[in-house]
Amino acid sequence: MFPALADYHVHTPLCHHASGWPVEFARRAVELGLGELGFADHNPMPGHFDDWRMLREDLPRYIGEVEKARAEFPQLAIRLGLECDFLDGREDWLGELRGLAEWDYFIGSVHYLPDGVEVDHPKYVSRYRDGNVEEIWTAYWQTYERAVRSGRFDFMAHPDLPKKFGYRPAGGLRRFYEPVIAALAETRTPFEINTAGWRKDCREQYPAREFLELAHAADVPLLINSDAHAVEELGAGFAEAVTLAKSVGYTQTARFQGGQISFVPLR
Ligand SMILES: [Zn+2]
Ligand SMILES: [Zn+2]
């Protein structure tokens with residue numbers, strides 16, 4: 001049972017690579033004893049953009065499915081959010097999206113580098129093998145810092161995503177983390193421990209422990225999310241994530257409702 005925890009990073013079949021409708025996730029959340037549940041499917045873009053996000057015309061259905069879950073499980077607080085890609089120069093669209101529903105939060109994500117490379121897509125894994133790890137990491141973290149400073153997001157997703165396939169640059173990694181943590185601290189933007197990393201080749205939560213230690217020292221707030229793409233992934237790894245967060249000194253996690261942040265003790 002996780003009454004203190006919310007799982008705010010949950011996908012639906014509307015992004016074309018997840019299974020489980022909000023009603024099914026809500027049933028599971030009640031079984032797990034989660035404090036809150038929130039949906040954050042990949043944000044629609046104007047026109048066709050890629051094949052792994054919600055279509056703009058599916059937005060009413062998305063909201064309707066979340067409302068159906070709220071009606072069926074009134075005892076559970078169910079939040080409405082989106083996982084929004086930060087794309088340099090296209091931030092205005094996120095402003096437009098904000099006006100289209102009563103969102104509880106927007107999660108900021110960097111999947112795309114400015115040159116169009118998707119850091120976590122298997123079709124680009126050869127780039128890591130071909131000796132571009134340092135270059136990809138550099139571009140990624142610079143983009144991530146711009147995403148944080150854009151002020152468009154309530155909290156940030158999976159901070160060290162480019163380690164997904166297990167490729168990390170040589171030497172210390174603090175040089176990548178520090179500018180982003182400074183941006184998070186200055187803008188008071190929380191980030192998530194995303195337990196999906198434990199299910200990927202890197203076999204480690206996003207972000208690494210060192211990032212968590214530096215973020216805690218800078219007083220950056222934290223959430224714990226599963227990034228579930230299937231019902232059985234809801235709340236996955238939460239006990240381990242709580243232990244990890246506490247071991248670096250965190251004592252609370254953030255909640256969101258209507259864009260307003262609050263905090264609950266980490267238990
Ligand atoms: Zn993501
Ligand atoms: Zn996600």
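Whatever order the structure lists them in is the order used to number ligands and atoms, beginning at 1.
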| message | For the Zn ion (ligand 2), give me the closest N/O/S atom belonging to Glu83, just the atom name. | response |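 The nearest such atom is OE1.
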
| Which N, O or S atom name in Asp227 marks its closest approach to the Zn ion (ligand 2)? |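 That would be atom OD1.
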
| task | Could you label the plane-to-plane angle of the His121 and Tyr124 rings as parallel, tilted or perpendicular, counting under 30° as parallel and over 60° as perpendicular? | result |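 Geometry flag for Tyr124 against His121: perpendicular rings.
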
| request: Could you tell me how the ring of His11 sits relative to the ring of His229: parallel (under 30°), tilted (30 to 60°) or perpendicular (over 60°)? | output: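 Taking His229 first and then His11, their aromatic rings lie parallel (interplane angle under 30°).
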
Tell me yes or no: between the side chains of [X] and [Y], is some donor less than 3.5 Å from an acceptor?
X      : Y      : value
Thr195 : Gln205 : no
Asp227 : Asn194 : yes
Glu118 : Trp52  : yes

| request: Answer yes or no as to whether an N/O/S atom of His158 is found below 2.8 Å from the Zn ion (ligand 2). | output: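 Within the cut-off used here (under 2.8 Å), His158 places no N, O or S atom near the Zn ion (ligand 2).
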
| task | Tell me whether His9 has at least one N, O or S atom under 2.8 Å from the Zn ion (ligand 1). | result |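 Looking at His9, which is the residue asked about, there is no N, O or S atom under 2.8 Å from the Zn ion (ligand 1).
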
| Taking both backbone and side chain into account, is any N, O or S atom of His42 nearer than 2.8 Å to the Zn ion (ligand 1)? |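 Checking His42: none of its N, O or S atoms is under 2.8 Å.
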
